[in-house]
Amino acid sequence: LPEGGVDGLHEDSRIIGLIYTFKFSYYFVQPADIENIERAVDEALAQAAENLAQLEHIHESLTAGLAEQVKRERARLEVEIKQVADKALHSVQRWRDVQLSQLTKLESHFSTSKAEVCRVQERLKALDIAMQMAREVRRVPSLGQYCTLDQVLETLQAPVDKQSFDMTCLRVGSRISLSELPPKGFHSNSPNRKLPWQHAEGRNSNYMPTNCGMFSMPQKKGQQSPRANSPSPQGSSPSPRPRRRSSLSCKSLDSDLGTPDVIIEEFLDEGQENAAPPTGPELANVKWRTHKRKKNLYYGNKKNVTQWVVVTHVVNPSHFYVSYVAEKREHEILSKKINHLCCRNICLFTSSDTVETGSMIFVKSKEGLWCRANVVEVLQNDCVEVVKSCPITQLARVKVFLLDYGLTKSIPIQRSEKTTESLLKAANNHLRKLGESLNADLRHFTPQAIRCSLKDLVPYDLTKGWSKEAQVEFCSVVGTLAVEMRPLGQDRDSLLVDLRKVPMDQSSDSPISVREYLVFIEVARFYSPVSLGRRPLLYYPPVYPKINTELNAVVSHINSPADFYIQLVDNMESLLLSAKLQDCYNATATTGEDELNIYCPVIGQACVALYDDKLWYRAQVIGLILQTNPGGRKVEVRYVDFGNNKILSVSDLRKIKNEFFALPSMAIHCCLSEVIPLDGENWSEACTNRLISLAHQKLVTIMATGKVPKTEPLPVKLFESGLNGPLANIAELLVKEQLACFRVGIKSTHASSPGDDSAIWDPPLELSSELEGLDSPDQNLPAQLKDLKVRVSHVNSPSSFYVQLSQYDSHLKRICELVKQQCGITEPQDVVWKEDMYCAANINGVWERGQICSEVTSSNIAEVMLCDHGNKVKLHVSNLRPLPSSLTGSMSLECTLTDIRPAGGRSTWTATACDLISYYLTGASAVVTIKELTDERPVPVTLFCSNKMGQFVSIADFLASEGLALKERKPRDAVKPKESDAQSSVSEMQTKGSDGEKQNTPEPTASLIPTCSVPSVVPPKPAPRTIISAEKVKTQLYLPPEVPCLGHIQISVSAVADDGVIYVRTQNAESQLEALRERIQQSMKTLPKQKPYTWRSVQGCAVIGPDMLWYRGQLLEVLGGHVKVQYVDYGLVETIPVVHVYPRLLCDDVPQLCMPCQLHAINPVGGKWQQDAVALMREVLLNRCVDIQVVELPTDSRGPVTVEFFLDGLSLSRILCHHQHASMIVDPSVVEHSPTPFLDDWDIDTEGLKSPGEPMLGPFVYANLPQEGQKFQVRVKHLWTPNELFLWPLEGTADVEVDGETLDEALTRINENINSLSRLTNFRPGSPCLAEYSDGKYYRAKLLNVTSVEPVMILVQHVDFGSDDTLPTSNLFQVVLCVAIEQ
């Protein structure tokens, strides 16, 4: 055996070795030792068996867990890989679509081929013109003397040289290639390899939109691929690549460089890659820049390509520097690289270095960043003149030109000591050197600043040169934002450009040219102006009327009879234009926004201009006032909707929005077609003034007599307009007054109406002679109920308006005279006025018949409805007289429009519909047809009113067209009206146009037979009159609710009205409600028969609710086919169809269970409850059981009870005041004499309780004021407003002493030991305290309220001065009793 025993053997030989060892050693081992070994081995084997079982169990668990873990992770990775693959496929698909869409602009890359095509087209055009001229000369030989025949023949005979056209350009490709970048998430096997987006600093890449002309040019022959010399991505700071890239996709300029997966490479000339950039100010020359990029941006077909730039430095408008916005990313990369290099010691100057003129160095800017610069001048110590070279240790001042900013800067080298170390430290603080190796790294970055000059712009005063104002105005207009630069040429080392401020939000705006702006404000002049055609948007031309058609119009402006403007009155949309303009532009003027300001107007530009009435109108610029009014910045505009011109300041102009281009110009340029001036040339001033007096701003009738181009005035005939049609011909009036003369061939028609030969005007209204003898005070409807001529006297809504029959006008006048005779001379009488009583009312000295609408109030004010007009007024009872029974009646008829209903699903008419119909109908003459005559009011009618064109328009159709009403659906089996019924007087009122066409009324039943074609008018047959008698029903109100006693009770809230009245039920009413509901349903088991009722006398009623159950209600208002009712047991108000209401009382022996309440001692904001306050009360009260305190009972049993609501102990009034919906009404008597609170007689043992740490002091006591009218001396302590200030009476308060010291002495003593006082811990409003003032001292104050919680801030008022202050709790101390004296 080896030295290790059996364990030293091989693993497979250990068992065999152990057996043979046992056999040899058996004879030498004692029996006791054998037993011990056997026992130890058995124990070890038992323990091993247990360990083996545990290991097997652990092995099984790990094996199963590993399998589950691998399965779960595999599933997760499969889902993630699928998602990433889908995203990559989507990105590739989207990129492909974008790139393919850009191929439409590929033609711009074949500039050579395109140029050759243009040459051939020019040659073809010249040859075609020459051939046409030759054919004409061949046909008419005499034409040869009017053209250059030799030149034509030379053009025809010129041979075509194929060699002169470069056909090889067709074989040249675009040299645009696509190189794939590794996708995001790709990692190389090399641990040091950086991804493309990780070393973006080293790229000289620039992603520009394709519309900026940044595609690459064709590659030269022998040019080597840049991939051969591209730097390795490994390393710490890769050098910038000598190539430029531009993305095909239009991305943002500041987008991440790692975003696109495929880019376009532009191949550069290898010979130019190593060329050094120019130095000095001449580096702004773009030749090197354009040669490096292989882009001819400024010549040939690229001359007008625009670029986005930022102006970096301005010397004057002819000398400034810009940088491309597209190179912003390159500038950032360059700045980072320069600052990285300057932090290294290799850039520090040493004592052996020199500074030479023309060399490139690094200079620290104001922002602390390093930038490239060229040395322009060097000044050495102890030298007066500049030197070309100077050691760094003797440098006194250096003048440099910043390559990337265009700024020339002078840098002094200031040092405290004259030692070499001090000189080097001072120089290195401002300068860094640029070695050859660093220069090679930076040579590929082009200078960012480009020198430019505004083309053809010279100073306003050539003798003085560019002024300071020109530089300031130039800087102010370009600002620091990006502007559009349009290259126009090149002059030595400067680009000739124009800068434009392109509009960003309004497509209709004209761009602001900086050149034109400087010329407009008169700081510069054009030497040779260049027009850059972009025509501004113009208005649509006005709509001209048809020839020989009579139209109503308003003459808006008159220059002469041959030059004036009219507006047609048939355009309803023009009425809303002015209101929209004011709303839009007054809002921008209020907020101070300058987005719509115009800085440089151009001739022909559309705009919005301010007029003398301070209103905005549409206008167009027609002239720039530059020479006649120097420095005034004025323009001449024409108001396109009126025709007048005006000279305005530019500040009164605004850009016009697109929405105001929709309507065409309203002003039509016209001239009188029949007359000419007396002298045949010029119109006299007297003739123009006479035309102004006849037609200016007046309604006239016009008739166009011919067609002319839009640029010439429209010839028209002009007639004065009257109620019955056109009156006199204005042209004939001018001739008659010898102010003008007729044209040749035109004769006077003696002021005949323009429609005498082609139209029949409405005859004047004839009053029936039979009505003269009527003495009835009430109007009686005629037998014919169709086409009644009426006058609308009052309008409430489309469902309630009042009309007066025109045939009763004289009768109404006679009734008014009788009322005045019988009632006007009587004295006021003591009459108890009741509801529905007739009276005579004195309104502004005119006596009218009236009817009392409601009970007279306590202030003797009565609401009266005028019987003959329909409107309601409120008058004092002193203006009322009893009306004799012989005069009672009404001459007005309440009507409602049929066949329409409110729009929007509403049951009531909107305020817009009511206002619109009231605006158009009040006082207007109309024609009505009564559909159904009953005793019920209002009467259903159809109403037609004449518009400004004299055509009758259905008011129902008008409301429907405006979207304010909907047409009622008619049944399919509706009977068509008979032919005889359609012939009515409305059809007789239609006119016939001058061209023979009939103009029809909108009424569908009107006959279209013209009056002139009927020899005798047959009177229509009266329609059968059907009178449906309405059942007259009168009901009383339900019994008033039971009013509780004063004190606290519990109630449940059922409703909160819009006026703030709260409807509640007591606990007793709650118990009765369920029983009442069952009783009502038992009594109404069937529906009553529906009949027409007169609802005027109905008060209490039965209502079918939305749940088809019966409820008790009260009728509040009748609204046509709907009624407004209130559920008396719930307080809710609802508008429902009239078919759901029945005029009968339900359980009339039971009083109303709902009681109205109003809050006590509270005043809502604005005098009435606002919607948000009502919403808050509904949120906290509805369907809740709360406590109330009945404060005051009403005098009327149906009036509201004055109560105080408590929600979990909180007062509802204080909640409303806290939310600033109301304010408390403070009663001084209650404050001074507040009753002692009621306390229960409890035996409370206070022994052992600690006394409060802070004494409970009451409020400050106010000083006694002098008597009224007494003069006294005061000291002004604090001025709050001119109407509110705080005074200190000097008499009786200045020298008051308490315990031998005055207030000032006590405060001085306390401030000396202020830290000995206790902090304030009780913050009750109104409690006294000591508060710190701004001078650091403490004065007496009282707490007002807590203004914030985090941190805690308290609002206090210094009671001895009147000023307020907000302080933390650390600045408040408890007041000492000795200073609690009068404030």
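- Of the inter-residue distances, the one linking Leu1181 atom CG with Leu1207 atom CG reads 5.5 Å to the nearest 0.5 angstrom.
- By the side chain to side chain contact (heavy atoms under 4.5 Å, CB included) test, Ser1348 is found to be paired with Met1353, residues two or more places apart in sequence or in another chain being considered.
- With values rounded to the nearest 0.5 angstrom, Glu330 atom CD is found 5.0 Å from Gln448 atom CD.
- Legend: residues meeting salt bridge (Lys or Arg N to Asp or Glu O under 4.0 Å) with Lys433, ordered by chain and number and at least two apart, are Asp353.
- One distance of note links CD1 of Ile450 with CG of Asp404; it measures 11.0 Å at 0.5 Å rounding.
- In terms of the side chain to side chain donor-acceptor pair (under 3.5 Å) criterion, residue partners of Asp1107 (sequence neighbours excluded) are, by chain and number, Tyr1111.
- With sequence neighbours excluded, the residues that form a side chain to side chain donor-acceptor pair (under 3.5 Å) with Asn339 are Ser335.
- No side-chain heavy atom of Asp1172 sits under 4.5 Å from any side-chain heavy atom of Leu1176.
- Val1352 pairs by the side chain to side chain contact (heavy atoms under 4.5 Å, CB included) definition with Ile1354, Thr1369, not counting sequence neighbours.
- With Val478 as reference, Val311 is the one residue of Val311, Val309, Val322 to meet the side-chain contact (heavy atoms from CB on, under 4.5 Å) rule.
- Taking CZ of Arg372 as the reference point, atom CE of Met360 lies at 6.0 Å (rounded to 0.5 Å).
- Residue pairs meeting the salt bridge (charged side-chain N to carboxylate O under 4.0 Å, His left out) criterion with at least one member in residues 77-103, sequence neighbours excluded: Arg76-Glu80.
- With sequence neighbours left out, Tyr405 forms a ring pair (Phe, Tyr, Trp, His ring centres under 6.0 Å) with His331.
- Listed for the Asn428 side chain is a donor-acceptor partner under 3.5 Å among the backbone atoms of Phe349.
- Listed by chain and number, the residues in a ring pair (Phe, Tyr, Trp, His ring centres under 6.0 Å) with His313 amount to none (sequence neighbours excluded).
- To the nearest 0.5 Å, atoms NZ (Lys336) and CD1 (Ile333) are separated by 7.5 Å.
- With sequence neighbours excluded, the residues that form a side chain to side chain donor-acceptor pair (under 3.5 Å) with Gln47 are Asn51.
- Every side chain to side chain contact (heavy atoms under 4.5 Å, CB included) that Asn429 has, sequence neighbours left out, goes to Lys425.
- Here the CE-CH2 distance, from Met485 to Trp308, works out to 12.0 Å after rounding to the nearest 0.5 Å.
- Identified under the side chain to side chain donor-acceptor pair (under 3.5 Å) test for residues 59-71, with sequence neighbours left out: none.
- In terms of modelled atom types and a separation under 3.5 Å, the side chain of Thr312 and the main chain of Ser323 share no donor-acceptor contact.
- Residue pairs meeting the salt bridge (charged side-chain N to carboxylate O under 4.0 Å, His left out) criterion with at least one member in residues 1175-1184, sequence neighbours excluded, are Asp1058-Arg1178, Arg1184-Asp1208.
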